[in-house]
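Report on the following structure.
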Amino acid sequence: MLKMADDYSSNVVAFVRFASSGAVTTYGDKTGLFDWTGAGNAAQVVEGDALTGSYLSLDGAGDYLYTPGRPGFRLGPGAFVIDFGLKTSTPGGAILDYKMDTDGYQISLDYPSGQITFWNGRSYVKTSTISVTDGIRRHIAFARSADGTLRIFINGVLDGSTTNAFNYNADVSIMA
């Protein structure tokens with residue numbers, strides 16, 4: 001039997017995968033290191049075109065998942081990748097929030113453009129060139145290389161890059 005492995009899987013800090021349906025109250029992270037807690041009426045919904053067969057449904061009215069902040073969420077000054085799937089038709093709002101005041105980072109949907117933005121706690125670092133609020137599922141990745149180049153990929157296609165040497169080392173109390 002051939003076993004495939006990712007050389008970097010030991011570096012994965014969080015891996016939230018939805019694989020059933022129903023309300024989310026407490027959901028174990030696939031790394032086995034911690035749990036995520038659902039707020040509002042966050043729910044897992046079965047859908048065939050989702051990578052795992054299900055996805056997290058948030059209606060925009062106080063729904064989110066959260067877990068306590070931890071050192072592993074500090075991205076530091078070097079290379080990192082943040083990778084997720086997204087399907088939405090509504091612009092505005094945070095997708096990933098590890099920010100407090102002017103520290104940390106956030107990925108959000110710009111309002112009214114519907115473009116994906118990466119925020120360093122003080123300002124926007126990179127914004128996609130296309131709107132992703134057309135109801136089509138997309139694979140989105142922000143990847144920063146060791147030389148400080150931050151790239152955004154949408155469905156595996158480079159959508160832009162910028163230099164970003166910011167040290168994301170904030171101690172934030174909640175990842176949501």
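Keep in mind the model is a prediction, meaning the values are calculated, not measured.
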With a cutoff of under 4.5 Å between side-chain heavy atoms, which Ile, Leu, Val, Met, Phe, Trp and Tyr residues group with I174?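 Direct or chained contacts put I174 with Y64, Y66.
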Can you name the residues that form a side-chain hydrogen bond (donor to acceptor under 3.5 Å, both in side chains) with [X], not counting sequence neighbours?
| X | answer |
| --- | --- |
| D101 | none |
| N169 | none |
| T88 | none |

Got a second to check how far [X]'s [atom1] is from [Y]'s [atom2], nearest 0.5 Å?
| X | Y | atom1 | atom2 | answer |
| --- | --- | --- | --- | --- |
| L75 | N120 | CG | CG | 11.5 Å |
| I152 | I116 | CD1 | CD1 | 6.0 Å |
| T102 | W119 | OG1 | CH2 | 9.5 Å |

Between the side chain of [X] and the main-chain N/O of [Y], is any donor-acceptor distance below 3.5 Å?
| X | Y | answer |
| --- | --- | --- |
| T162 | L150 | no |
| S173 | G69 | no |
| S113 | Q115 | yes |

Could you tell me which non-hydrogen atom of [X] sits nearest to which non-hydrogen atom of [Y], and how far apart they are?
| X | Y | answer |
| --- | --- | --- |
| T149 | S161 | CG2-CB, 4.1 Å |
| A170 | G104 | CB-N, 3.5 Å |
| G114 | L109 | O-CD2, 3.7 Å |
| L58 | A42 | CD2-CB, 3.7 Å |
| A79 | A146 | CB-N, 3.8 Å |

Mind checking what makes salt bridge (charged side-chain N to carboxylate O under 4.0 Å, His left out) contact with D171, not counting sequence neighbours?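 Salt bridge (charged side-chain N to carboxylate O under 4.0 Å, His left out) list for D171, sorted by chain: R74.
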Partners meeting salt bridge (charged side-chain N to carboxylate O under 4.0 Å, His left out) with D134 (sequence neighbours left out):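 So D134 forms a salt bridge (charged side-chain N to carboxylate O under 4.0 Å, His left out) with R138.
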F73 and ring-ring contact (aromatic ring centres under 6.0 Å, His included): which single residue from Y105, Y168, F34 fits?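 Considering Y105, Y168, F34, a ring-ring contact (aromatic ring centres under 6.0 Å, His included) with F73 is found only for F34.
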[X] vs [Y] side-chain heavy atoms within contact, under 4.5 Å:
| X | Y | answer |
| --- | --- | --- |
| D83 | I140 | no |
| T90 | T133 | no |
| T117 | S108 | yes |
| T37 | T67 | no |
| D97 | I107 | no |

Check ring pair (Phe, Tyr, Trp, His ring centres under 6.0 Å) between [X] and all other residues, then give those that pass, not counting sequence neighbours.
| X | result |
| --- | --- |
| Y111 | none |
| F153 | none |
| F84 | none |
| F142 | F118 |

Please say yes or no: joined through hydrophobic side-chain contacts below 4.5 Å, possibly via intermediate residues, are V81 and L86 part of one cluster?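 Unlinked, V81 and L86 end up in two clusters.
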Treat each ILVMFWY residue as a node, draw an edge where side-chain heavy atoms are under 4.5 Å apart, and state whether I136 and L56 are in one component.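 In one cluster: no.
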Can you list every salt bridge (charged side-chain N to carboxylate O under 4.0 Å, His left out) pair that touches residues 143-156, not counting sequence neighbours?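 Applying salt bridge (charged side-chain N to carboxylate O under 4.0 Å, His left out) to every pair that reaches into residues 143-156, excluding sequence neighbours, yields nothing.
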Does anything in residues 121-130 form a side-chain hydrogen bond (donor to acceptor under 3.5 Å, both in side chains)? List the pairs, not counting sequence neighbours.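 Non-adjacent pairs meeting side-chain hydrogen bond (donor to acceptor under 3.5 Å, both in side chains): T129-D159.
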